[in-house]
Amino acid sequence: MGLAELSPGLLASGTLPERVAGRLHQLIVDGTYPSGSRLPQPAELATEYGVTTVVIGEAVALLVSAGLVSGRSGASVVASGPATAARRA
């Protein structure tokens, strides 16, 4: 899945991990999670979004493949930001 596919439009459609990734993407782009900041722990995100930590892990994997975050679920996940992702493309 590419960066363009992680648009906020996925909030209304797509799989559950895609919708969560879309919401997190939106929060990274709007600066809620600026580049270099850590995202909340998977358990906290799971509670916030009403999903399992497995769904959060899949959402994080989508964001990693899009270059929006670095790290992995279960460890520190750091926002890379849209500018970093664009440089990798």
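Please read these numbers as outputs of a predicted model, since none were measured by experiment. Side-chain atoms are counted along with the backbone in the values below, which use heavy atoms only and exclude waters and symmetry mates.
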Between the CG atom in Leu45 and the CD atom in Glu48, the distance rounded to the nearest 0.5 Å is 6.0 Å
Between CG on residue Leu39 and CG on residue Leu68, distance to nearest 0.5 Å: 10.0 Å
Correct closest heavy-atom pair for Glu58 and Pro17 would be OE1-CG, 2.9 Å
State which residues pass side chain to side chain donor-acceptor pair (under 3.5 Å) with Ser37; sequence neighbours excluded, sorted by chain then number. none
Under the side chain to side chain contact (heavy atoms under 4.5 Å, CB included) test, which residues partner Thr47, sequence neighbours left out? none
Looking at side-chain heavy atoms only, is the closest gap between Leu24 and Tyr33 below 4.5 Å? yes
Quick check on the hydrophobic clustering: are Leu62 and Val78 connected, directly or via other members, by side-chain heavy-atom contacts under 4.5 Å? no
Distance-minimising heavy-atom pair for Gly67 and Ser80: O-CB, 3.4 Å
Kindly say whether Ile56 contributes a backbone atom to a donor-acceptor pair with the side chain of Thr53 at under 3.5 angstrom? no
Of the non-hydrogen atoms in Gly14 and Arg19, which two are nearest, and what is the gap between them? O-NH1, 3.3 Å
